[in-house]
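These numbers come from the heavy atoms of this one structure, side chains and all, not from hydrogens, waters or symmetry mates. All residue numbers in this chain count up from 1 along the given sequence. For ligands, and for the atoms within them, numbers begin at 1 and follow the listed sequence.
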Amino acid sequence: MLVEIDNLQKRFHVGRGKVLHAVDGVSLTIQENTIVGLVGESGSGKSTLGKALVGLHDKSGGEVRYRGETLPGSYQAADFRRHSKNIQMIFQDPYASLNPRMTIEEILTEPLKLQKQCSAAEARQRAAEWMEKVSLSAAHLGRYPHEFSGGQRQRIGIARALITQPEFVVCDEPISALDVSVQAQVINLLGELQKSMGLTLLFIAHDLSMVRYISDEMVVMYLGGIVEQGPADDVFFEPKHPYTKALVESNPVADPKREKLQQHKLIQGEVPSPVNLPPGCRFVGRCDQASERCHSQRPELKPVAGRLIACHLYD
Ligand SMILES: Nc1ncnc2c1ncn2[C@@H]1O[C@H](COP(=O)(O)OP(=O)(O)OP(=O)(O)O)[C@@H](O)[C@H]1O
Ligand SMILES: [Mg+2]
């Protein structure tokens, strides 16, 4: 197994002794050479999980193993650098994540320099090759980020993340800041690179149809925990957890196969605060099938018909 996440916790202290549980006991295994899509409403903890995986957040509890080796707490640990060659992240906002005062050549060669993978001349050569790989011109290496469009900047972000030839890449909403017209191009580019490089991707997104299209597995998070996980088509076309059902029904993007089910309805009820989590199932207040037990006992993620579901309905 490439990545094994075991009961991962990430808590934030948010003042006056209050603790926010952003990721609350996530266990997940990710197989090599696959794309795992991670979905869930805003605030469910997707980015926090992704950042903890790449070492941008210290973990509050639990363990992440990479090829069987436990990853150190954060990337500041000297140890993490050994792994950082293999683990990268692509961010949502391609403008904010590229240093505006650096040329594209400096941006692309920096990760290689940090890792001392090759000589300066070789790094320049790799940067030029990567410009072509992401359909940009090597002649533009001397330009600055503001001279490129949003879609082009995200291509540069992708090239920067992949230039060190990582194995595992967390893509945090890599297309949501882009115009709809260029979203498909960037998705297809990522899909092609995944295949040609044998990459493993954790692909975080809001758009369920997009996630279904690109992913092998789909993981659904709600308030810091996984509620459902399985083959992407199964979860999308036959959601089983009441939250996944509601999420699929509220997915605004039309999908011809689903047209009849498309209701554009919003999920009812309020999301509880991750500071004061209910003792039982986190979805209980919004679920129309909740029983008494759901109020007191948190359902565990367990295998049901070829997938994993955390819901007492399937006990
Ligand atoms: N640095 C931080 N300090 C305090 N709270 C944080 C911090 N980062 C995230 N949170 C909180 O943790 C929870 C999970 O946030 P996170 O950004 O991981 O959600 P998300 O699923 O990525 O949402 P979105 O879809 O909006 O990107 C939220 O309640 C958020 O307010
Ligand atoms: Mg996020």
*Run through the protein N/O/S atoms less than 2.8 Å from the Mg ion (ligand 2) and write them out by chain and number.*
S47 OG
*asked:* What I want to know is whether G45 and ligand 1 share at least one N or O pair that is separated by under 3.5 angstrom.
replied: yes
*Checking S27 side chain against N7 main chain: does a donor-acceptor pair fall under 3.5 Å?*
yes
*Just checking, any donor-acceptor pair under 3.5 angstrom between side chains of R307 and Y314?*
no
_Those atoms of ligand 1 less than 4.0 Å from some heavy atom in S44_ = 19 (O), 21 (O)
*asked:* Would you say that C311 contacts K240 through its side chain, given a criterion of any heavy-atom pair below 4.5 Å between the two side chains?
replied: no
*Does G43 reach ligand 1 with a nitrogen or oxygen that is under 3.5 Å from one of the ligand's nitrogen or oxygen atoms?*
yes
_Atoms in ligand 1 flagged as close to E173, the criterion being non-hydrogen separation under 4.0 Å_ = 25 (O), 27 (O)
*Within the distance-only criterion (no hydrogens, no angle test), does the side chain of S215 pair as donor or acceptor with the backbone N or O of V211 below 3.5 angstrom?*
yes
*Answer with yes or no whether the hydrophobic clustering places L20 together with L56; edges join I, L, V, M, F, W, Y residues whose side-chain heavy atoms lie under 4.5 Å apart.*
no
*Taking only heavy atoms of P274, which atoms of ligand 1 are found under 4.0 Å from at least one of them?*
29 (O)
*Note the single closest protein heavy atom to atom 24 (P) of ligand 1, along with its residue, its atom name and the distance in Å.*
S42 OG, 3.6 Å
*What residue and atom, counting heavy atoms only, is the protein's closest point to atom 11 (C) of ligand 1, and at what distance?*
L20 CD2, 3.6 Å
*asked:* Give me the residue, atom name and distance of the protein heavy atom closest to atom 18 (O) of ligand 1.
replied: T48 OG1, 2.5 Å
*Output the list of atoms in ligand 1 that are nearer than 4.0 Å to some heavy atom of H206, sorted by atom number.*
25 (O)
_Could you check whether atom 4 (C) of ligand 1 has a protein contact, counting only heavy atoms that fall below 4.0 angstrom?_
yes
*Donor-acceptor pair, side chain of K18 and main chain of R16, under 3.5 angstrom*: no
*Does any pair with a residue in residues 120-159 pass ring-ring contact (aromatic ring centres under 6.0 Å, His included), and if so which ones, sequence neighbours excluded?*
none
*Taking only heavy atoms of S47 into account, list the atoms of ligand 1 that are under 4.0 Å away from them.*
17 (O), 18 (O), 20 (P), 22 (O), 27 (O)
*Which segment of D172 sits under 4.0 Å of ligand 1 when only heavy atoms are counted*: neither
*Single-linkage hydrophobic cluster L53~F12, side-chain heavy atoms < 4.5 angstrom*: no
*At what distance is the nearest protein heavy atom to atom 9 (C) of ligand 1, and which residue and atom is it?*
F12 CE1, 3.6 Å
_Donor-acceptor contact present, side-chain S60 to main-chain R11, <3.5 Å_ = yes
*Could you tell me whether a side-chain N or O of H241 sits under 3.5 Å from a main-chain N or O of A310, the two making a donor and an acceptor?*
yes
*Evaluation steps, salt bridge (charged side-chain N to carboxylate O under 4.0 Å, His left out), between R282 and E41*: CA-CA 13 Å; R282 271 87 210 262; E41 283 166 299; over 6 Å; no
*Best match, K46, Q92, H21: closest heavy atom to atom 21 (O) of ligand 1*: K46
*Work out which heavy atom in P145 is nearest to a heavy atom in I107; give both atom names and the distance.*
CG-CD1, 3.7 Å
*asked:* A side-chain contact here means heavy atoms from C-beta on lying under 4.5 Å apart; do V26 and M221 qualify?
replied: yes
*Between M221 and ligand 1, which residue portion shows a heavy-atom distance shorter than 4.0 Å: side chain, backbone, both, or neither?*
neither
